[in-house]
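Data block below; observations after.
In what follows, chains are A, B, ... by sequence order, proteins preceding strands, each numbered from 1.
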There are 2 protein chains.
Amino acid sequence: MATGRAHRPATRSRGIPEATVARLPLYLRALTALSERSVPTVSSEELAAAAGVNSAKLRKDFSYLGSYGTRGVGYDVEYLVYQISRELGLTQDWPVVIVGIGNLGAALANYGGFASRGFRVAALIDADPGMAGKPVAGIPVQHTDELEKIIQDDGVSIGVIATPAGAAQQVCDRLVAAGVTSILNFAPTVLNVPEGVDVRKVDLSIELQILAFHEQRKAGEDAAGDAGVVPPVAARKQQHSTGSADQGPDGDVPAVMPA
Amino acid sequence: MATGRAHRPATRSRGIPEATVARLPLYLRALTALSERSVPTVSSEELAAAAGVNSAKLRKDFSYLGSYGTRGVGYDVEYLVYQISRELGLTQDWPVVIVGIGNLGAALANYGGFASRGFRVAALIDADPGMAGKPVAGIPVQHTDELEKIIQDDGVSIGVIATPAGAAQQVCDRLVAAGVTSILNFAPTVLNVPEGVDVRKVDLSIELQILAFHEQRKAGEDAAGDAGVVPPVAARKQQHSTGSADQGPDGDVPAVMPA
DNA sequence: CCATCTTTGTGCACGCGTTCACAAAGACAT
DNA sequence: ATGTCTTTGTGAACGCGTGCACAAAGATGG
């Protein structure tokens with residue numbers, strides 16, 4: 001507390017583990033809820049329970065940020081909300097472009113969680129000329145041709161891809177070339193990006209398959225593979241007709257999207 | 001091997017690492033693409049590149065499944081597709097219920113990736129009586145009251161929650177009570193479930209915040225927190241008016257959903 | 001049948017993340 | 001002011017996941 005701002009005290013900025021970063025939003029959410037209920041302080045135990053993690057883990061996570069928190073009392077909610085927000089970069093505004101305004105893209109555009117944090121939808125982009133001008137979530141959809149201009153004019157550094165898998169890589173390349181350095185990918189494809197560009201993937205199909213694996217296991221090992229054991233070289237040929245795309249196994253549809 | 005079950009060779013079922021399970025769907029997708037192009041075999045190197053992982057990691061992953069693959073040649077695509085599908089439990093049908101048919105729920109219902117794997121949308125459920133009967137993706141929406149009956153009649157064990165955060169826990173409890181043991185949660189809430197129930201979370205807000213963190217770092221440490229440094233105990237009070245829900249920090253909206 | 005060459009399968013070491021357990025720090029009561 | 005009691009912050013041990021590097025396996029050619 002000494003003089004205001006020993007300036008970025010210990011905050012060994014460099015050293016925040018990735019796993020910790022991934023949990024900070026969780027803590028922030030729990031803290032915001034407490035803040036709205038005007039709770040002044042919380043112990044690591046309470047906050048950990050609210051965030052669904054172990055209290056030791058939470059304390060260690062916070063220790064990477066610095067020594068906020070008072071022994072015997074806990075953490076000051078408001079202060080911690082601020083510190084985490086700052087650490088996550090939420091004290092500034094992040095313009096975001098969403099490419100691919102299908103069912104999912106529209107759902108994302110309507111997402112209320114954008115504004116509540118520092119995110120702002122700078123533009124909605126779709127390749128379909130018929131969509132151009134049509135407002136979604138109060139924002140007019142723009143054609144893909146405008147992509148580069150929008151990104152440069154608004155200084156967009158975060159892009160969301162909600163296109164079919166077949167178009168994802170191409171869109172990705174254009175986003176990166178235009179200056180985007182962080183991408184949230186909803187298309188079921190492995191994106192190839194140059195070093196320095198971060199990509200995070202959200203894939204419904206993968207999540208379901210992981211659940212199915214555990215579900216099968218829970219169903220018991222005894223009833224091992226009895227139902228529908230198809231021959232190794234089964235006949236599985238469908239789609240691939242329209243050929244709108246050239247890549248993508250399960251249908252070139254975005255991770256979550258209509259056919 | 002003594003008693004029955006000489007089947008299931010070495011497949012030390014128990015021992016498949018979680019990290020490996022999470023990658024199997026990735027391999028499966030790449031393999032399916034190869035299969036559609038009628039490629040007979042692939043080397044670990046090629047497949048790894050297609051899946052975006054390290055070849056050593058891929059080989060180790062496959063080693064947990066057993067010794068499929070021929071030295072000097074590679075892996076038989078069709079055979080591997082089958083083996084992974086079986087391991088993931090995709091050779092059987094998994095009826096799935098989607099609860100909360102808002103923008104996101106509709107996008108999920110329309111998702112083509114469901115059927116392509118062993119997943120089948122058994123029912124769409126929403127709490128709004130006005131939605132009842134209205135078809136989404138060709139399936140009529142049913143009211144929440146039917147939830148238990150549907151789950152039990154169809155033997156549903158996987159549920160998808162796409163409701164606002166305020167309703168998520170309640171829906172979750174009902175799903176679990178009715179027999180669901182795997183949940184894919186799109187609502188921005190920590191779900192509390194009894195042991196034995198798997199929960200996977202998909203949260204747009206968290207992903208964006210993680211990207212923002214890295215983005216901020218890339219922007220350079222020099223310009224450390226200069227823009228909009230708000231006072232620790234800032235004034236942040238809004239919403240909470242309608243009180244439609246009682247929980248949920250950023251707006252009680254599902255992970256991805258309109259307000 | 002043997003030699004060579006390719007590619008798998010895996011033992012091993014390393015690093016990250018998690019958890020335990022406890023000393024230090026401070027609030028609070030007397 | 002002193003003692004007690006609560007809760008943080010962290011050193012250290014452990015376990016999992018990753019990547020290297022290589023021996024074994026088998027295909028292929030002579």
### Reading 5' to 3' through nucleotides 23-30 of chain C, protein heavy-atom contacts under 4.0 Å coded B for base, S for sugar-phosphate only, - for none
-BBSS---
What is the distance from [atom1] of [X] to [atom2] of [N], rounded to the nearest Å?
X       : N      : atom1 : atom2 : result
B/Glu18 : C/dG17 : CD    : P     : 17 Å
B/Lys60 : D/dC16 : NZ    : P     : 14 Å
A/Leu65 : D/dT10 : CG    : C1'   : 15 Å
A/Tyr75 : D/dT6  : OH    : P     : 18 Å
A/Asp61 : D/dT8  : CG    : P     : 14 Å
A/Asn54 : D/dT10 : CG    : P     : 17 Å

Please state whether the phosphate of [N], meaning OP1 or OP2, lies under 4.0 angstrom from any side-chain nitrogen or oxygen of [X].
X       : N      : value
B/Arg59 : C/dG11 : no
A/Tyr64 : C/dC16 : no
B/Lys57 : D/dG19 : yes
B/Ser44 : C/dT7  : no
A/Tyr68 : D/dT7  : no

### Message
Looking at every heavy atom in both A/Leu28 and A/Thr32, which two are closest together, and how far apart are they?
### Response
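So the two residues come closest at O-OG1, 2.7 Å.
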#### Entry: First of A/Ala56 and A/Ala19 reached from the 5' end of DNA chain C, by closest nucleotide
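Closer to the 5' end of DNA chain C: A/Ala19.
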### Task
Applying salt bridge (charged side-chain N to carboxylate O under 4.0 Å, His left out), name anything that partners A/Arg174, two or more places apart in sequence or on another chain.
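In terms of salt bridge (charged side-chain N to carboxylate O under 4.0 Å, His left out), with neighbours along the sequence ignored, A/Arg174 is linked to A/Glu148.
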### Touch class at under 4.0 angstrom, heavy-atom based, for A/Phe62 against every strand present
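No contact.
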### Message
Between B/Thr189 and B/Gln169, do the side chains contain a donor N or O and an acceptor N or O under 3.5 Å apart?
### Response
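Per modelled atom types, B/Gln169 and B/Thr189 side chains form no pair under 3.5 Å.
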### Task
For B/Tyr68 and B/Tyr75, run ring pair (Phe, Tyr, Trp, His ring centres under 6.0 Å): C-alpha distance rounded to whole Å, both residues' side-chain angles, the deciding distance at 0.1 Å, then the answer.
CA-CA 7 Å; B/Tyr68 311 129; B/Tyr75 300 90; 8.6 Å; no
